[in-house]
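Working notes, structure below.
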Amino acid sequence: EAGVTQSPTHLIKTRGQQATLRCSPISGHTSVYWYQQALGLGLQFLLWYDEGEERNRGNFPPRFSGRQFPNYSSELNVNALELEDSALYLCASSAGQSGSPLHFGNGTRLTVT
Amino acid sequence: AQSVTQLGSHVSVSEGALVLLRCNYSSSVPPYLFWYVQYPNQGLQLLLKYTSAATLVKGINGFEAEFKKSETSFHLTKPSAHMSDAAEYFCAVSGSGGYNKLIFGAGTRLAVHP
């Protein structure tokens, strides 16, 4: 069974540009979660999508947005990039039952120069 | 609100020694608790999870954790450390009702020396 896949692996952008990160969940999983792992800041929850809808959002500005497609894959968009957006962005998927663990991809390393 | 505190950002043990990584949680509802491991330049891998079926939970790679409600703790242990256990470990809590968003602790970096 294929795990969670993320693309690209690395992304280099300049300040002010937009970045698009992509995630394919495990087959059968309908929920997708995005986390930011910045140096010294730990794992911060960004967004949760389920059945195509945004269910919850972390404490991030509106320039962080995303969507979930009918096939449950997801996209994270970061507009007007700032230097502090440099981080590892992790996507995870889970089944819908309470207590289902999150399964993580290997992340996209975003570097903003 | 739920939260997780991991005591000790860095832990160093000798190969073959006991590994003990500490995690305390705060939750207003019966929690689901997890331990994840992250190797360099990789995502998070699930080690084990507590979902109220048993207080002592066994996971992969010889790790186990015990849920102690009275102490609000979920410490991770392994009897004998291997060099390959060197990584960062994260404790996490989620709520109920299909709300599986995880709140993570700050992580503990485990070093294993010969």
Side-chain angles (χ1 to χ4, degrees), chain A residues 2-10 21 23-26 29-51 53-60 87-111, chain B residues 1-10 23 25 27 29-54 57-60 63 65 67 74 87-109:
Chain A
V4 175
T5 58
Q6 293 186 245
S7 63
T9 305
H10 294 86
L21 289 63
C23 172
S24 293
I26 290 172
H29 286 185
T30 61
S31 284
V32 170
Y33 304 77
W34 288 94
Y35 284 83
Q36 183 196 64
Q37 188 176 28
L39 197 62
L41 295 179
L43 285 151
Q44 303 296 319
F45 168 72
L46 263 168
L47 290 159
W48 168 29
Y49 291 96
D50 182 61
E51 297 284 359
E53 300 286 333
E54 182 181 304
R55 301 296 186 183
N56 195 233
R57 181 181 183 85
N59 189 26
F60 281 84
L88 181 67
Y89 288 84
L90 292 167
C91 173
S93 72
S94 79
Q97 296 84 2
S98 291
S100 295
L102 271 58
H103 299 267
F104 285 83
N106 283 332
T108 293
R109 173 75 61 186
L110 174 63
T111 302
Chain B
Q2 297 171 314
S3 66
V4 172
T5 302
Q6 290 185 241
L7 298 175
S9 59
H10 290 81
C23 171
Y25 71 91
S27 177
V29 297
Y32 296 107
L33 294 160
F34 305 83
W35 275 99
Y36 284 84
V37 61
Q38 187 179 32
Y39 298 100
N41 299 313
Q42 292 188 24
L44 277 68
Q45 180 182 7
L46 178 68
L47 276 177
L48 50 80
K49 63 178 182 179
Y50 167 75
T51 55
S52 79
V57 182
K58 294 188 182 299
I60 62 171
F63 285 94
F67 174 72
F74 190 57
E88 188 150 24
Y89 292 79
F90 293 93
C91 181
V93 62
S94 73
S96 59
Y99 199 75
N100 293 328
K101 180 186 84 174
L102 291 177
I103 304 299
F104 285 92
T108 297
R109 186 166 299 278

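Quantities reported herein were computed from a predicted structural model and do not represent experimental measurements. Letters go in sequence order (proteins before strands), and every chain restarts at 1.
- Residues Leu102(B) and Tyr35(A) have side chains in contact (heavy-atom distance under 4.5 Å, counting atoms from C-beta outward).
- Heavy-atom minimum distance, Gly43(B) versus Asn106(A): N-OD1, 3.2 Å.
- Contact annotation for Tyr50(B): neither backbone nor side-chain heavy atoms come within less than 4.5 Å of a heavy atom of chain A.
- The local environment of CG in Leu39(A) is sparse, with at most 12 non-hydrogen atoms from other residues, nucleotides or ligands closer than 6.0 Å.
- Contact of Leu90(A) with chain B is made through the side chain alone, with heavy-atom distances under 4.5 Å.
- Residue Lys101(B) holds its NZ atom at 5.0 Å from CZ of Phe45(A), rounded to the nearest 0.5 Å.
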Open item on the list: For Leu43(A) and Gln38(B): C-alpha separation, side-chain torsions, deciding distance, then whether side-chain contact (heavy atoms from CB on, under 4.5 Å) applies.
Closed with: CA-CA 12 Å; Leu43(A) 285 151; Gln38(B) 187 179 32; 5.6 Å; no
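- Only the side chain of Leu88(A) comes within contact range of chain B, with at least one heavy atom under 4.5 Å from a heavy atom of that chain.
- Closest heavy-atom contact between Leu46(B) and Pro101(A): CD2-CB, 3.6 Å.
- Here the closest non-hydrogen pair linking Arg109(A) and Asn41(B) is NH2-OD1, 4.4 Å.
- Proximity to chain B involves both the backbone and the side chain of Ser100(A), based on heavy atoms less than 4.5 angstrom apart.
- Only the side chain of Gln37(A) comes within contact range of chain B, with heavy atoms under 4.5 Å apart.
- Neither the backbone nor the side chain of Ala92(A) comes within contact range of chain B, judged by heavy atoms closer than 4.5 Å.
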